[in-house]
Enquirer: 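Input: one structure, supplied below.
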Amino acid sequence: MKIVNVILSGGVGSRLWPLSRKSRPKQYLPIFEEQSLFEKTVIRNSKVCNQVMVVGGVDNYQLSREILNKEESSNYLELVEAAPRNTAAAIAFAAFSLPEDAIMLVTPSDHLIGDQDVYDTSINQAIEMAKKGSLVTFGLIPTKPETGFGYIEHEGNDVLGFREKPGLIQAQSYLKQGNFLWNSGMFCFEAGTYLSELEKHEPEVFKTSKVALENAKDGFLPLDLSMEIPSISVDYAVMEKSDKIKVVPSSFSWSDMGSFEALFDYYPEGSKEKVDGNLVLGSGKHVEFVGLEDVVLVETKDAILVLNRSNAQDVKKVYERLEKENPGLLS
């Protein structure tokens, strides 16, 4: 049975600027025990999957190639997007390239996951559901009232509804109710099942994605045909509309590593990155903090960022401003 880890690696990691750049997004930064999140993803899923397919961007596909060759993952496929068209299309490109009965384990490339045995159990449970025609998502049992994630309301493996990122009071309510899960952004289904549901609910995405892929050259998608594809997430396109949805409630440790707050929590006290209750990244200089705590200092060759960990989500606003004022600092 073909089980393919479809790795989506097109993101730029704007909330981790200036570490994360368009030329080297966060998933390729070797700052996790000298490995990158992309590398960890490949290794983690190789225990269950027998093939890797990367759907990435034209700006950084060579970075994924380097890692796959390093890991001697010779059995990999590659699709290179000319422009980002969101996850519904990215997954469609992969599904069109595989046999209808191939099981797709769709994972982002920038998650940090622990408890391998617990993780494998969840994956194998999802594979069995996928064989029966379900579109399976993974919901993480929440450990705190997190406002940075979407939520899944569930009863067992049945999905009752999806919820947008909540405010703090709503997140506290979800935690108290006990039947809400963090939406992990990971999926498992047969290629044919996904395509039939995509065609049913978003026929324009189905049609234009198919045409773009048919005109790809050596895995590189054409820009003109790509821009005709509606940009919509798989959640909105399929997962929130289909009647084939199931969820696997999961308890493996998980973080999307999407902010400096997540990195702050990742590095333990006593590590070289943690200085007096503050976090220092990228700097080769000696750093002292006086009268400050919960501060993140990030240094690169052309930029310095200083923030309080509680303002980690606001880094995206800096990124968006620099796109207009000084785009060279993003490359």
Side-chain angles (χ1 to χ4, degrees), residues 3-14 22 25-28 37-38 41-42 45 49 51-65 68 76-98 100 102-111 130 135-138 150 183-199 201-242 256 258:
I3 304 175
V4 184
N5 180 200
V6 177
I7 304 177
L8 306 181
S9 65
V12 297
S14 59
K22 290 182 178 179
K26 66 171 180 175
Q27 59 266 34
Y28 298 112
L37 293 172
F38 182 93
T41 300
V42 172
N45 293 317
C49 301
Q51 190 168 47
V52 176
M53 174 181 283
V54 180
V55 184
V58 68
D59 291 330
N60 50 61
Y61 69 92
Q62 291 177 327
L63 298 175
S64 60
R65 281 186 183 178
L68 289 165
Y76 73 88
L77 304 171
E78 181 182 65
L79 294 171
V80 182
E81 296 179 290
R85 304 312 296 159
N86 219 315
T87 51
I91 297 170
F93 297 146
F96 280 124
S97 304
L98 295 169
E100 285 191 0
I103 300 291
M104 300 170 62
L105 174 62
V106 181
T107 66
S109 58
D110 55 1
H111 288 181
L135 299 174
V136 186
T137 186
F138 297 83
N183 190 344
S184 71
M186 295 167 47
F187 311 98
C188 185
F189 34 66
E190 288 187 340
T193 303
Y194 175 75
L195 290 175
S196 65
E197 289 298 285
L198 181 65
E199 185 175 25
H201 298 291
E202 287 291 339
E204 190 65 19
V205 175
F206 176 92
K207 181 178 70 174
T208 53
S209 298
K210 189 172 188 290
V211 170
L213 185 68
E214 287 172 346
N215 287 274
K217 294 183 179 179
D218 298 323
F220 286 76
L221 291 146
L223 179 60
D224 55 345
L225 294 175
S226 295
M227 295 308 295
E228 295 180 12
I229 304 171
S231 179
I232 182 171
S233 72
V234 64
D235 297 272
Y236 289 136
V238 175
M239 303 305 286
E240 295 185 10
K241 298 175 181 177
S242 174
D256 69 348

Enquirer: Does any pair with a residue in residues 78-97 pass side-chain hydrogen bond (donor to acceptor under 3.5 Å, both in side chains), and if so which ones, sequence neighbours excluded?
Expert: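 For residues 78-97: R65-E78.
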
Enquirer: Taking atom OG1 of T41 and atom CG of D110, what is their separation to the nearest 0.5 Å?
Expert: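 That separation rounds to 7.5 Å.
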
Enquirer: Between Y194 and V234, does a side-chain contact (heavy atoms from CB on, under 4.5 Å) hold up when you go through it step by step?
Expert: CA-CA 10 Å; Y194 175 75; V234 64; 3.7 Å; yes

Enquirer: State, yes or no, whether a side-chain contact exists between V238 and I91 at a heavy-atom distance under 4.5 Å.
Expert: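 Result no, sub-4.5 Å side-chain heavy-atom pair not found.
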
Enquirer: May I ask you to test the M53-L79 pair for a side-chain heavy-atom distance under 4.5 Å?
Expert: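 In short, these two side chains touch, coming nearer than 4.5 Å.
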
Enquirer: Flag the pair Y28 / S64 as yes when at least one side-chain heavy-atom distance between them is below 4.5 Å, and no otherwise.
Expert: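 Y28 reaches S64 side chain to side chain.
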
Enquirer: Side-chain contact, heavy-atom cut-off 4.5 Å: K210 with K207?
Expert: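 Sidechains of K207 and K210: no contact.
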
Enquirer: Hey, what do you get for CG (L77) to CG (L68), rounding to the nearest 0.5 Å?
Expert: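 Reported to 0.5 Å precision, the distance equals 10.5 Å.
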
Enquirer: Does N45 have any side-chain hydrogen bond (donor to acceptor under 3.5 Å, both in side chains) partners at least two apart in sequence or in another chain, and if so, which?
Expert: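 Residues passing side-chain hydrogen bond (donor to acceptor under 3.5 Å, both in side chains) with N45: N5, Y119.
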
Enquirer: Between M104 and A94, what is the shortest heavy-atom contact and its length?
Expert: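 Heavy-atom minimum between the residues: CE-CB, 3.8 Å.
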
Enquirer: Would you give the length of the straight line joining atom CZ of F220 to atom OG of S226, rounded to the nearest 0.5 angstrom?
Expert: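 These two atoms lie 12.5 Å from each other.
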
Enquirer: Would you find more than 12 non-hydrogen atoms of other residues, nucleotides or ligands less than 6.0 Å from Y236 atom OH?
Expert: no

Enquirer: For the residue pair F38 and I7, what are the closest heavy atoms and their distance?
Expert: CE1-CG2, 3.9 Å

Enquirer: Please tell me if the side chains of L105 and F138 come closer than 4.5 Å, counting only heavy atoms from C-beta onward.
Expert: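 L105 vs F138: side chains touch.
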
Enquirer: Measure the OG-CZ distance between S196 and F206 for me, rounded to the nearest 0.5 Å.
Expert: 8.5 Å

Enquirer: Mind listing the closest non-hydrogen atom pair of M186 and T137 along with its distance?
Expert: O-OG1, 3.3 Å

Enquirer: Which heavy-atom pair separates I229 from S209 by the least distance, and what is that distance?
Expert: CG2-OG, 3.7 Å

Enquirer: Side-chain donor-acceptor pair under 3.5 Å between Q27 and S9, yes or no?
Expert: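 No pair is found: no donor N or O on one side chain lies under 3.5 Å from an acceptor on the other.
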
Enquirer: How about F187 and L135: do any of their side-chain heavy atoms sit closer than 4.5 Å?
Expert: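 F187 vs L135: side chains apart.
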
Enquirer: Return the CD to CD distance between E199 and E197, rounded to the nearest 0.5 Å.
Expert: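 E199 atom CD to E197 atom CD measures 10.5 Å (nearest 0.5 Å).
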
Enquirer: Is it the case that over 12 heavy atoms from other parts of the model lie below 6.0 angstrom from the CD atom of E100?
Expert: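 12 or below, so no.
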
Enquirer: Could you tell me which non-hydrogen atom of P230 sits nearest to which non-hydrogen atom of T208, and how far apart they are?
Expert: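 The answer is CD-OG1, 3.6 Å.
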
Enquirer: Give me the atom names and distance for the closest heavy-atom approach of A88 to A237.
Expert: CB-CB, 3.7 Å

Enquirer: Nearest 0.5 Å, please: how far is NZ in K241 from CG in D235?
Expert: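 Reported to 0.5 Å precision, the distance equals 11.5 Å.
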
